[in-house]
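Beneath this line is the structure, given in structure tokens, with notes to follow.
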2 protein chains.
Amino acid sequence: MAGTLSFPRPLTTVDVVIFSASATALEVLLVRRPEGTDDPFPDTWALPGGFIDTAHDNDLEACALRKLKEKTGVRAPYVEQLGSWGSASRDPRGWSATHAYFSLISADDRAFAEEHPGSQPARWFQVEGARVKERLAFDHAEILKAAVNRLRNKVEYTSLPAFLMPSEFTLSELQRVHEVLLDRTLEKKAFRTRILASNLLEELPRKKEGANRPAQLYRLKNKKAPIYFARAIVKGGGS
Amino acid sequence: MAGTLSFPRPLTTVDVVIFSASATALEVLLVRRPEGTDDPFPDTWALPGGFIDTAHDNDLEACALRKLKEKTGVRAPYVEQLGSWGSASRDPRGWSATHAYFSLISADDRAFAEEHPGSQPARWFQVEGARVKERLAFDHAEILKAAVNRLRNKVEYTSLPAFLMPSEFTLSELQRVHEVLLDRTLEKKAFRTRILASNLLEELPRKKEGANRPAQLYRLKNKKAPIYFARAIVKGGGS
DNA sequence: CTAACTTAGTGACACACTACCACTATGTGA
DNA sequence: TCACATAGTGGTAGTGTGTCACTAAGTTAG
């Protein structure tokens, strides 16, 4: 193992899959790669990310959080590592590896990204199945698919969807987000019992007024740590 | 984003946390780093791994499987990605990142590693708590801790421990491995009902003779894909 | 003012899997 | 043949989820 420093080093990047939820769909934030440069995939949508700045990023997570802050303005959202993808063929410039992160953004913070374009224009895209309609740069479609699958999976036994909600929300709204993510209806009573028994939420002293019976408002007790349920959601609801 | 190729590239490695189970403990395979070289952490135990061979490794997983094969002789064990660790400080040679994998080796294949030293001597070390007694190179103690925690967690709702068993085993043996991983006793009937109802095992037409009543032998129906239980193990057993 | 409508929220019981514990089964060795 | 050890089971309690019909509380149309 002498001369280890002489090993060729792969190109290394960090990419972030940033999710949010509209009223009817899961959405992912994508950026437009510039045209007229020598970089691959010009004028193509891609996951936010880029090279590690070895001079300023102390570690991978700091790098991911920096990119998240730049794109969404959010300082401390829910973030977890998704995995890494590396191969000789994923980047035309040579052997490359990316460290992919996975983030959930509150509905309150959805506007920022499209209003503050920064160096690259950004847009929310609806996720349909486990993909978006647009063609993505590199292997980002595969990374997105892994992120969506991971999220869908965790919906069944964690409280992750709660991190997509605005700061105050009703149980019905939370249920709707679950249903969008799982792509199936859930039974109201079972859902409410499960959530309320989990100690995830704090009841607020006010209700959301609407076209019908006002609904109790809640907020998250803990904005960063999810709850893990001992039992997964198994069955759906009617209608 | 012009001139992206000029970004300094971090040192990039792949490390593999290889677990097996003895009769009484979870064990991890470590290799001894050579002394008398310029490489950091000479004469120190470390996770098996090393630099990506960009000329021969097509992707990260292939690189991990190559290292696994070299160390354990096993071609297709259970492998999953654990995560990646990267920072300016984890390697004295500069900014470095490692892609960590996580593997479970059948008790049948434990002997190979210590009998075929290859370029570096290898040894199984007992895992106590989430660590080994020896000091490890780099941030490998942290990676090991993450791997142990992931494994412990998954024991509660997957069939992962089954991949640590020899090709034929009894339910009591499987339960003992669960108990070692969870560090608590389990209730026999509950455990057996859960496992048998899961369709994980295939009954063999023979029994294991021992000092007492012979026990039914089983083998895995699927050597690669784990089972995910809808409910986690919650409570323990007596004694 | 009242009825129809819509969404919020609950009561009561069925169901499935796990937990518990005492019991039986089948071998060895003194 | 009896003590002992481990394998394996029967029966029932416990706990969270699933089901569904019901009540609650607002709006809107007449």
Side-chain angles (χ1 to χ4, degrees), chain A residues 23-24 155-159 161 165 168-180 182 184-201 203-218 227-239, chain B residues 23-24 155-159 161 165 168-180 182 184-201 203-218 227-239:
Chain A
T24 56
V155 171
E156 307 220 337
Y157 63 95
T158 73
S159 66
M165 305 305 292
E168 301 187 359
F169 54 90
T170 69
L171 280 179
S172 295
E173 289 166 348
L174 181 60
Q175 181 177 342
R176 248 166 264 137
V177 169
H178 276 78
E179 290 173 344
V180 162
L182 290 172
R184 67 170 194 257
T185 59
L186 297 177
E187 211 286 322
K188 183 169 49 166
K189 183 64 189 302
F191 179 80
R192 301 171 75 91
T193 306
R194 175 179 165 101
I195 297 293
L196 290 176
S198 75
N199 205 32
L200 172 69
L201 304 180
E203 196 172 301
L204 292 170
R206 54 185 169 280
K207 291 175 186 279
K208 174 164 188 167
E209 316 280 341
N212 294 297
R213 175 176 174 176
Q216 179 63 51
L217 280 166
Y218 296 86
I227 290 209
Y228 289 83
F229 295 93
R231 292 175 60 170
I233 302 176
V234 176
K235 292 197 187 172
S239 98
Chain B
T24 57
V155 171
E156 307 222 338
Y157 63 95
T158 73
S159 66
M165 306 304 293
E168 301 188 359
F169 53 91
T170 70
L171 280 179
S172 295
E173 288 165 349
L174 181 59
Q175 181 176 344
R176 248 166 264 139
V177 170
H178 276 79
E179 290 173 342
V180 162
L182 290 173
R184 68 170 194 256
T185 59
L186 297 176
E187 209 286 322
K188 183 169 50 167
K189 182 64 187 301
F191 178 81
R192 300 171 76 92
T193 306
R194 176 181 166 98
I195 297 293
L196 290 177
S198 74
N199 204 32
L200 171 71
L201 304 180
E203 195 172 312
L204 292 170
R206 53 186 170 281
K207 292 175 184 279
K208 175 163 187 165
E209 317 280 340
N212 295 298
R213 176 176 172 175
Q216 179 63 49
L217 279 166
Y218 296 86
I227 290 208
Y228 289 82
F229 295 93
R231 295 174 59 168
I233 302 176
V234 176
K235 293 195 186 170
S239 96

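Heavy-atom basis, side chains included; hydrogens, waters and symmetry copies ignored. Each chain gets a letter, A, B and so on, in the order the sequences are listed, and its residues count up from 1.
Scanning all heavy atoms of the two residues, the minimum distance from A:Val234 to B:Ala230 falls at CG2-CB, 4.0 Å. The two residues B:Tyr157 and B:Arg194 have their closest heavy-atom pair at CA-NH2, 3.9 Å. The two residues B:Ile233 and B:Arg184 make their nearest non-hydrogen contact at CG2-NH2, 3.6 Å. Scanning all heavy atoms of the two residues, the minimum distance from A:Leu201 to A:Phe169 falls at CD2-CZ, 3.6 Å. Considering every non-hydrogen atom in both A:Val155 and A:His178, the closest pair reads CG1-CD2, 3.7 Å. For the residue pair B:Ser198 and B:Ile227, the shortest heavy atom distance occurs at O-CD1, 3.1 Å.
Remark: C1' of C:dT7 and CZ of A:Arg176 are 9 Å apart, rounded to the nearest angstrom. Atom CZ in B:Phe191 sits roughly 12 Å away from atom P in D:dA7 (whole-Å rounding). When rounded to the nearest whole Å, the span between CD of A:Gln175 and P of C:dT10 equals 13 Å. A straight line from CD of A:Glu187 to P of D:dC20 spans 8 Å, rounded to a whole angstrom. As rounded to whole Å, 13 Å separates atom C1' of C:dA8 from atom NZ of A:Lys189. Between B:Tyr157 atom OH and C:dT18 atom P the separation is 16 Å, expressed in whole Å. For A:Lys208 and C:dT7, the NZ to P distance is 13 Å, given to the nearest whole Å. Put simply, NZ on A:Lys188 is 11 Å from C1' on C:dT6, counting in whole angstrom units.
Within the structure, every side-chain polar atom (N or O) of A:Arg213 is placed at least 4.0 Å from both OP1 and OP2 of D:dA24. Of the side-chain N and O atoms in B:Ser172, none sit less than 4.0 angstrom from OP1 or OP2 of D:dT6.
Closest-nucleotide positions on DNA chain D for B:Arg192 and A:Pro214 were compared, and the one nearer the 5' end corresponds to B:Arg192.
Residue contacts for A:Arg231: at a heavy-atom cut-off of 4.0 Å it reaches a base atom on one of the strands shown. Counting any heavy atom pair closer than 4.0 Å across all strands shown, A:Ala215 reaches sugar-phosphate atoms only and no base atom.
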Distances for protein N or O near nucleotides 27-30 of chain D N or O, under 3.5 Å:
residue	atom	partner	partner atom	Å
D:dT27	O4'	A:Ala211	O	2.7

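A:Thr193 is linked by a side chain to side chain contact (heavy atoms under 4.5 Å, CB included) to A:Lys189, counting only residues two or more places apart in sequence or in another chain.
Comparing C:dG27, C:dT18, D:dA25 by their nearest atom to the side chain of B:Arg194 picks out C:dT18. Among the nucleotides D:dA7, C:dG9, D:dT17, the one closest to any side-chain atom of A:Gln216 is C:dG9.
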